[in-house]
Amino acid sequence: MAAAAEFAATYIALFTAHHAADYLTQSDRMSARKTGWTGKDADGKPVRHAGWGANQLHAASHSVAELLALGLLAAVVGLSLPLWGVMAAVLWIHLTHSLIDRRWPVRAWMCRTGSADFVQRGGMPLVDQSMHLVFGLFPAALLIAGGA
């Protein structure tokens with residue numbers, strides 16, 4: 001039962017950090033650019049930008065928030081977290097978060113699972129958040145709890 005409690009505490013810390021990084025520290029500019037964007041060159045012609053700088057800055061904000069949340073969890077609750085598990089979890093979340101936030105995986109998932117109309121009705125942010133929880137945070141919490 002102790003392992004289940006450690007997993008739950010770790011998941012809650014990661015969940016809280018995720019929301020802090022996605023909603024409290026992310027600017028509108030970063031949100032718009034992390035997926036790649038279209039700007040204009042000196043002649044006013046559209047230019048597609050990769051957006052990887054904003055994407056990686058946003059993913060790094062998640063890494064910092066997760067490390068702070070896990071450190072606070074360890075200090076306040078006295079939970080001993082395995083260093084390798086924490087490092088693997090933070091790296092996993094960084095990688096999955098930056099990939100999901102490119103938005104093409106979200107759109108592809110929705111179109112291939114019969115939810116293409118939901119894309120048009122504004123459902124991408126909901127599926128984006130679900131993907132972060134299922135493919136990012138849940139496995140990351142398992143990496144930490146499994147290494148304890």
Side-chain angles (χ1 to χ4, degrees), residues 1-39 47-116 118-148:
M1 186 58 146
E6 289 175 7
F7 170 81
T10 301
Y11 186 83
I12 290 169
L14 294 173
F15 182 83
T16 303
H18 171 83
H19 281 80
D22 253 7
Y23 299 111
L24 296 177
T25 66
Q26 182 176 208
S27 68
D28 289 343
R29 180 182 168 115
M30 185 182 297
S31 177
R33 291 181 174 220
K34 68 185 179 185
T35 64
W37 80 99
T38 302
V47 176
R48 178 82 177 148
H49 298 278
W52 280 108
N55 179 284
Q56 291 305 296
L57 183 60
H58 176 59
S61 75
H62 276 269
S63 299
V64 170
E66 291 146 14
L67 289 170
L68 288 172
L70 292 170
L72 187 60
L73 176 68
V76 172
V77 179
L79 186 59
S80 177
L81 300 175
L83 179 60
W84 289 109
V86 168
M87 290 172 48
V90 170
L91 177 61
W92 176 254
I93 292 172
H94 183 98
L95 294 173
T96 58
H97 199 94
S98 56
L99 177 64
I100 291 166
D101 273 7
R102 293 304 283 186
R103 290 290 160 31
W104 66 262
V106 179
R107 184 179 304 281
W109 178 279
M110 294 176 76
C111 291
R112 284 175 179 76
T113 59
S115 299
F118 195 34
V119 171
Q120 302 307 316
R121 294 192 317 268
M124 281 186 64
L126 297 171
V127 175
D128 168 276
Q129 288 302 306
S130 296
M131 290 178 87
H132 288 310
L133 300 178
V134 172
F135 300 122
L137 302 185
F138 191 83
L142 289 173
L143 285 168
I144 296 170

Note, Val86 side chain near Leu67 side chain (heavy atom, < 4.5 Å)
yes
For Ala65, give me all partners under side-chain contact (heavy atoms from CB on, under 4.5 Å), at least two apart in sequence or on another chain.
Ala17, Ala21
Can you name the side-chain contact (heavy atoms from CB on, under 4.5 Å) partners of Trp84, sequence neighbours left out?
Met87
Heavy atoms of Leu79 and Ala9 approach each other most closely as CD2-CB, 4.4 Å
Side chain Arg33, main chain Asn55, donor-acceptor under 3.5 Å:
no
Can you sort out the partners of Asp22 under side chain to side chain donor-acceptor pair (under 3.5 Å), two or more places apart, ordered by chain and number?
His18, His58, His62, His97, Gln129
What salt bridge (Lys or Arg N to Asp or Glu O under 4.0 Å) pairs are there with at least one residue in residues 64-91, not counting sequence neighbours?
none
Those residues at least two apart in sequence (or on a different chain) that pass side-chain contact (heavy atoms from CB on, under 4.5 Å) with Ile12 are Thr16
Heavy-atom pair of closest approach, residues Ser31 and Gln26:
CA-OE1, 3.5 Å
Which residues pass the ring-ring contact (aromatic ring centres under 6.0 Å, His included) test with Phe7, sequence neighbours left out?
Phe138
Heavy-atom closest contact (Gly136 atom, Ile93 atom, distance):
O-CG1, 3.8 Å
In chain order, what residues pass the side chain to side chain donor-acceptor pair (under 3.5 Å) check against Ser63, with sequence neighbours excluded?
His94
For Ala74 versus Leu81, what's the shortest heavy-atom pair and its separation?
CB-CD1, 4.2 Å
Does some side-chain heavy atom of Leu14 sit less than 4.5 Å from a side-chain heavy atom of Leu70?
yes
Write down the atom of Gly123, the atom of Met110, and the distance for their closest heavy-atom approach.
C-CE, 4.0 Å
Please, which pairs that meet salt bridge (Lys or Arg N to Asp or Glu O under 4.0 Å) have at least one residue in residues 78-98, sequence neighbours excluded?
none
Heavy-atom nearest pair, Lys34 first then Asp101, reads NZ-OD2, 3.1 Å
Is the shortest heavy-atom distance from the side chain of Leu95 to the side chain of Leu91 under 4.5 Å?
yes
Listed partners of Leu133 passing side-chain contact (heavy atoms from CB on, under 4.5 Å), at least two apart:
Tyr11, Phe15, Leu137
Could you list all the salt bridge (Lys or Arg N to Asp or Glu O under 4.0 Å) pairs where at least one residue sits in residues 103-112, not counting sequence neighbours?
Arg103-Asp128
For residues 86-100, pull every pair meeting salt bridge (Lys or Arg N to Asp or Glu O under 4.0 Å), keeping only residues two or more places apart or in separate chains.
none
My understanding is that only residues two or more places apart in sequence, or in another chain, count here; which of them pass ring-ring contact (aromatic ring centres under 6.0 Å, His included) with Trp109?
Phe135
